[in-house]
Amino acid sequence: MIEKLSRLIIKQRLIVIIAIIALTVLASFGFTKFKVSNVMNEWLPDNDNISQLFNQIGDTFITNKMLVIVFKPKSGEVFEKEFLASLKEYTDKLKEQKEVFTVISLTNVSNVKKIEGGIEVNDLVSEVPESESELAKLKEYVLNKEEYVNNVISEDGRYTGIIASLSEDVDDVKVTGSLLMPMAEEMMGDEADIFMAGIPSDGYWSNHYAVNDMKKLTPLVVLLMIVILWISFKNPLSIFMPIVGVLMAVIWTYGYMLAVNRPINVVTSAIPIILISIGVAYGIHVVNAFFLELKNGDMDTDKASNALSIVFVPVLLSGLTTFVGFCSFATARLKLMVWFGIFSAIGVVFAMIIALTFLPALLSYFKMNSTARKIQEKKAQKKDLIESFLRISGHAVLKGKYLIIIGCIAVMILALLGVPKIKREVNFVKYFPVGSTPRVSTNLIRDEFGGAYFYNLYMETESAKDPAVLKQILKAEYFGYSIPGTTESQSVADYISELNWNMNDRYSIPDTQGAVANLWIFIEGREMMKQMVTSEEDKLLSTGKVSEFTTTHQKRVSNRLDWYMENEAPGALVEIAAESLPEDKLGSLRKFQADEIAKQILWMIPQYSNETASGFEPYSKIISDAHSNPVKLTDSIFRAEIESVLENYIYSDAFELYVEEEEAGRIYEKVLETLDSGAKDYQSYYDAVAGLLSPEVLEEEDWAVESIAETIEARISESLNRTSINSLWTNLLTVLPANLSDNSHFRKKAQGVIYQINDGFVGMDRDKAAGLGLLDYEYREIPLRFEHNGMPALNTRLDGFLYSSLIQSLAIAIVVVFIMMTIQFRSFSVGLVAITPIIFTVAIVFGIMGYMGVNLDYGTMLIPPICIGIGIDYTIHYIHRYRREVEMGCSYYEAVVNTNISSGRAILSNAIAVMLGFLLLLMSEMYVLRAFGWITALTMVVAAFGAMTIVPSFILIVKGKNGKEEKK
Amino acid sequence: MKKAFFASALLVFMFALSSAVMAVTGQEVLKMADQAFKAPPDVTAETKMILVDSNGKEKVRDMMTWIKNFPGQDKDSWRLMKFSAPSDVKNIGFLSLDEDLMYLYMPEFKKNRRIASHNKKDSFVGSDFFYDDLSASDYSKHYDAEIISEDDSSWKLSLKLRPSSDKPYPSGTITVDKVSHMFTKGEFNDSSGQLWKILNNKNEKYGNYWISVDITMEDVKKNHKTTLRMENVKVDTKLEDKMFTERQLKRPVK
């Protein structure tokens with residue numbers, strides 16, 4: 001059947017040539033969709049929950065394409081009129097671009113501040129200050145606002161940052177290069193140095209360097225192949241035919257890949273090199289076979305058919321084995337490996353088809369004149385250095401077969417000892433050259449702004465305005481303070497707390513949903529809300545930054561957040577009504593709250609102080625004790641405050657009754673009298689005020705009296721709270737690190753947390769509430785889904801899959817190759833022998849990585865599968881040739897030597913060519929490709945060595961011969 | 001004969017002269033629109049605020065609106081709005097006495113808080129109206145207007161913001177009805193001249209006065225729109241000044 005097929009191909013050679021060329025032209029149209037893309041969340045399986053949530057959050061809040069842009073004035077400073085004006089103009093213009101979803105900069109960041117008698121929420125720099133003094137005031141204000149520092153301004157005020165999110169449906173890499181960078185350069189380039197970092201920027205620069213590398217290195221690889229092949233074979237056919245074939249295979253593979261909308265990424269960019277390595281080998285074997293026929297005269301269709309039929313099976317089997325080997329990577333969970341496996345496999349098939357159809361069809365036309373034939377014959381007769389080396393090495397194998405096996409086993413054991421030293425570490429920033437724009441920018445942004453990679457706290461609930469929900473997100477954010485290498489995350493809970501602080505001197509979430517809704521009015525519709533809460537108000541997001549992109553750091557952050565979700569976040573959230581509890585249960589609840597407060601304060605401390613805090617118990621005790629000693633109405637500090645508050649209220653324009661000053665005085669005195677009696681409830685104050693009015697007035701202004709009574713009740717409650725918290729704070733200062741006593745930011749937030757001790761409604765985990773026996777009283781169930789996500793979660797999952805995918809795929813590949821080899825050679829022992837060199841090679845790869853400190857990442861993870869794919873090719877050709885020699889009547893001794901000389905030349909030259917080709921990657925600008933290049937280069941040689949030494953050694957040992965010539 | 005000719009010529013000349021005198025300028029049309037808008041001494045209405053997001057989802061808020069104008073005086077209108085539904089915004093009140101003097105009442109805290117919005121582009125309670133849009137200050141004070149076209153029913157004016165003014169829209173066009181002298185449509189641009197917001201007004205006559213009873217502001221960039229729809233409109237009910245005070249801001253809606 002092979003002969004029939006070979007004859008058919010040769011007979012229809014013209015059609016074959018035209019068809020292959022036509023297919024190549026067709027495939028090249030796929031390059032019109034040329035695109036390089038490294039979107040990490042697309043590498044996880046579709047059904048992976050981390051990836052699904054990452055995408056869901058990205059779709060809902062448009063957060064997956066966030067970029068940090070930093071400006072440093074070239075002269076002067078940020079807080080100068082001209083610079084601020086330019087920044088404002090740039091911000092406004094950037095916001096207008098349809099590709100941009102949100103922009104938060106120094107000029108438009110939300111500013112919540114107290115003004116006289118009121119509150120102001122607006123853009124921080126809605127108008128650029130004119131005078132030096134106003135600018136200085138602005139600078140001082142900004143640098144003292146915690147929420148601005150490390151977000152829109154660096155700690156020393158020298159750099160200003162912008163956080164931009166790109167719209168959902170844009171090509172973020174393209175937009176970064178074609179819009180964001182040119183626009184920043186055009187509008188700010190004269191005044192400022194510009195730095196950019198974040199996923200879109202990383203993608204842009206990865207593509208930039210990858211394309212540069214491809215343009216630079218591909219021609220060099222081809223040239224190198226030509227040189228090596230010339231040195232090895234010294235005839236034009238052996239050079240150009242394989243090169244032409246493999247280039248066609250690359251065009252077909254990439255053309256197909258791009259046509260099915262699969263962009264090139266960090267691993268599939270290695271496919272051309274793999275195809276060059278494998279495809280060249282196929283081409284060489286085919287050309288060699290044709291060349292042998294030429295010795296008997298000019299090429300004709302019979303000779304061509306014969307040559308093809310001889311080489312068909314080994315090339316086919318080699319191709320199929322390599323195909324199946326790469327296909328085994330399609331079982332990996334990491335889609336990155338799946339695509340690599342599938343497209344490499346397809347590429348191998350293309351290379352094989354071209355080698356077995358196009359090349360033979362072309363070669364069948366080859367004519368050699370007599371002079372040329374004589375030259376070739378002389379060359380063939382001349383024993384060159386390579387042949388001498390191969391002959392000697394063949395003899396060496398015969399003599400030293402046991403030594404070879406023992407030596408290889410020892411080396412393998414030594415290599416495997418290096419495996420535990422392998423670190424899994426992906427750091428995209430390190431991929432870029434030292435001193436390159438992306439690397440410098442990312443490091444600067446890490447140092448001055450805490451990084452450009454984000455983590456998320458995500459919630460789904462019934463109402464985002466539910467105080468119980470907002471308190472949970474705030475608690476989680478305080479936990480985030482305790483994680484090194486992160487900046488505090490921000491959410492709508494922070495804005496509500498900030499508004500409450502400006503309104504009521506209390507940085508916390510109000511107790512009722514109505515109160516939250518009242519504050520919400522101030523921030524509704526503002527730019528930053530788009531990425532904090534959905535318009536349906538049923539999903540919330542808190543976003544913080546992670547300083548390093550390294551796998552180690554991201555895993556650390558992810559693990560800490562996992563711990564929090566496991567141990568602190570409520571599995572099911574309930575809200576207990578404190579007023580409904582009897583005394584003993586209320587005590588348990590307050591103890592629980594005291595513990596919660598103590599925890600949150602301890603989490604916050606590392607953010608503000610390097611000093612070690614006292615243990616948990618002192619804080620919990622102080623807080624618990626304070627609650628059991630509440631402030632009384634007769635407390636002098638309380639009285640001083642409440643009298644002032646009530647006086648200001650009753651005499652103000654906002655007092656509900658229209659009264660003259662004298663009457664206001666009477667009301668004030670009556671209220672104080674009621675306070676003296678120890679009353680703090682609504683009814684007492686209603687009766688007190690109503691008693692001063694005539695029935696007619698009361699009837700008309702009943703609403704006013706009700707409102708007055710409610711207001712007085714509220715003011716008394718607030719003052720009591722404030723007094724008790726101030727007293728508690730004084731006690732806490734005795735255990736807090738000394739340098740925190742003057743820290744107003746810490747005080748503001750810590751006191752806000754402490755206020756929780758008097759909360760009327762307390763949110764907690766359902767099981768904990770049940771454990772305290774609180775579910776027998778009034779409580780409310782709150783539906784809540786609470787998870788963390790973002791880059792740490794994604795990277796941790798990718799890392800896990802990277803490792804498991806690699807191990808699983810390798811194991812499957814080795815087993816599958818073994819099965820195929822066993823079937824191919826119809827021998828279990830030959831199957832075992834065949835996979836030994838690749839196992840040896842893979843062990844060497846891992847050993848090198850372990851001892852040389854080369855991390856396992858998306859580049860280096862390709863090396864083992866490439867070793868299998870290419871290495872098995874060497875082994876198949878060696879075994880085939882060996883068996884043929886034996887079938888032709890040679891002894892095992894002669895067969896080994898002859899195989900070394902014939903197939904060995906092809907194997908060696910291919911290995912050297914491929915090795916040098918991979919070594920060219922040392923010229924790559926990207927670290928990941930350089931590491932990938934030199935290790936793969938080394939392993940090519942090891943694979944060839946294994947094929948030419950381990951295989952024959954095992955064969956000879958298994959056959960029980962000791963190297964003496966034996967006739968079959 | 002000569003006399004007849006002379007008389008005819010004089011008649012034609014006087015007609016042309018009077019036409020020239022009577023031709024209205026863009027600025028005059030804009031001033032007429034300002035005056036028409038502020039003509040009713042006061043307005044009371046039940047107002048529905050309907051916010052529609054880019055997915056077509058609606059959020060409805062009900063409120064009572066009281067407006068006091070000062071026709072003929074160089075004084076901003078006073079405006080009091082009290083939300084009545086839904087429950088999370090009930091009794092929140094907004095009082096505007098001046099473009100820089102506004103109060104918000106938060107019933108949960110029992111507190112009035114002044115909100116000084118220096119940024120004219122701050123959204124009013126998440127709607128597509130800016131605070132500035134609701135302060136209803138005269139357009140003619142802030143914009144230079146030219147007639148770019150007209151037909152039997154309306155004038156179309158181009159607006160250009162005066163350098164001394166800080167209104168949110170640098171330029172735009174408005175259509176003024178020739179009968180009511182009220183805006184019927186407006187298109188407002190951003191700083192780069194791109195269309196930003198579209199205003200559509202439906203006006204109805206109450207007694208001698210025209211009232212915009214359905215005002216829709218659409219943000220074309222955000223694909224979001226807000227409609228203020230007035231019902232049960234009462235005009236010239238002699239609203240007292242004391243209606244527009246911080247005290248009254250606290251009064252709950254029924």
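These figures come from a predicted structure and were not determined experimentally. Chain letters run A, B, ... following the sequence lines, proteins first and then strands; every chain starts at 1.
By the 4.5 Å heavy-atom criterion applied to side chains, A/Phe522 and B/Met106 are counted as neighbours. The closest side-chain heavy-atom distance from B/Phe109 to A/Asn500 is below 4.5 Å. B/Lys110 is not listed as a side-chain neighbour of A/Glu713, based on a closest heavy-atom distance of 4.5 Å or more.
Of the listed residues (A/Gln513, A/Glu718, A/Glu710), the one with the most heavy-atom contacts under 4.5 Å to chain B is A/Glu710. Heavy-atom pairs under 4.5 Å with chain B were tallied for A/Val516, A/Leu519, A/Ile523; the largest tally goes to A/Leu519. Between chain A and the options B/Lys242, B/Gln248, B/Arg113, the largest number of non-hydrogen pairs under 4.5 Å is found for B/Arg113. Ranked by non-hydrogen atom pairs under 4.5 Å with chain A, the options B/Asn112, B/Leu249, B/Ile92 are led by B/Ile92. The candidate with the highest count of non-hydrogen atom pairs below 4.5 Å against chain B, out of A/Met503, A/Lys465, A/Lys98, is A/Met503.
In the displayed structure, A/Glu700 atom CD is contacted under 6.0 Å by at most 12 heavy atoms of other residues, nucleotides or ligands. At most 12 non-hydrogen atoms from other residues, nucleotides or ligands lie less than 6.0 angstrom from CD of A/Glu186. Residue A/Lys530 places its NZ atom among more than 12 non-hydrogen atoms of other residues, nucleotides or ligands, all under 6.0 Å distant. Under a cut-off of 6.0 angstrom, the local environment of NZ in B/Lys221 is crowded, with over 12 non-hydrogen atoms contributed by other residues, nucleotides or ligands. Shown here is A/Gln683, whose CD atom has more than 12 heavy atoms of other residues, nucleotides or ligands within 6.0 Å. Shown here is B/Gln73, whose CD atom has more than 12 heavy atoms of other residues, nucleotides or ligands within 6.0 Å. No more than 12 heavy atoms of other residues, nucleotides or ligands lie within 6.0 Å of CD in A/Glu89, so this atom counts as exposed by the packing criterion. Within 6.0 Å of CD in A/Glu462 there are 12 or fewer heavy atoms belonging to other residues, nucleotides or ligands.
Proximity to chain B (any heavy atom under 4.5 Å) is shown, for A/Ser535, by both the backbone and the side chain. A/Ser463 does not touch chain B: none of its heavy atoms, backbone or side chain, sits under 4.5 Å away. Proximity to chain A (any heavy atom under 4.5 Å) is restricted, for B/Lys57, to the side chain, taken from C-beta onward. Heavy atoms of B/Asp88 lying under 4.5 Å from chain A belong to its backbone as well as its side chain. Only the side chain of A/Tyr649 comes within contact range of chain B, with at least one heavy atom under 4.5 Å from a heavy atom of that chain. Within the 4.5 angstrom heavy-atom criterion, only side-chain atoms of B/Leu104, from C-beta onward, approach chain A.
In summary, B/Lys59 and A/Glu537 engage in a salt bridge, as defined by a charged side-chain N under 4.0 Å from a carboxylate O. Classification of B/Arg247 and A/Glu656 as a salt-bridged pair fails, no side-chain N sitting under 4.0 Å from a carboxylate O. Remark: A/Glu524 engages B/Arg61 in a salt bridge, criterion side-chain N to carboxylate O under 4.0 Å.
Of the N and O atoms on the side chains of A/Asn504 and B/Lys111, at least one donor lies less than 3.5 Å from an acceptor on the other residue.
The shortest heavy-atom contact between A/Ala654 and B/Glu246 is CB-OE1, 3.8 Å.
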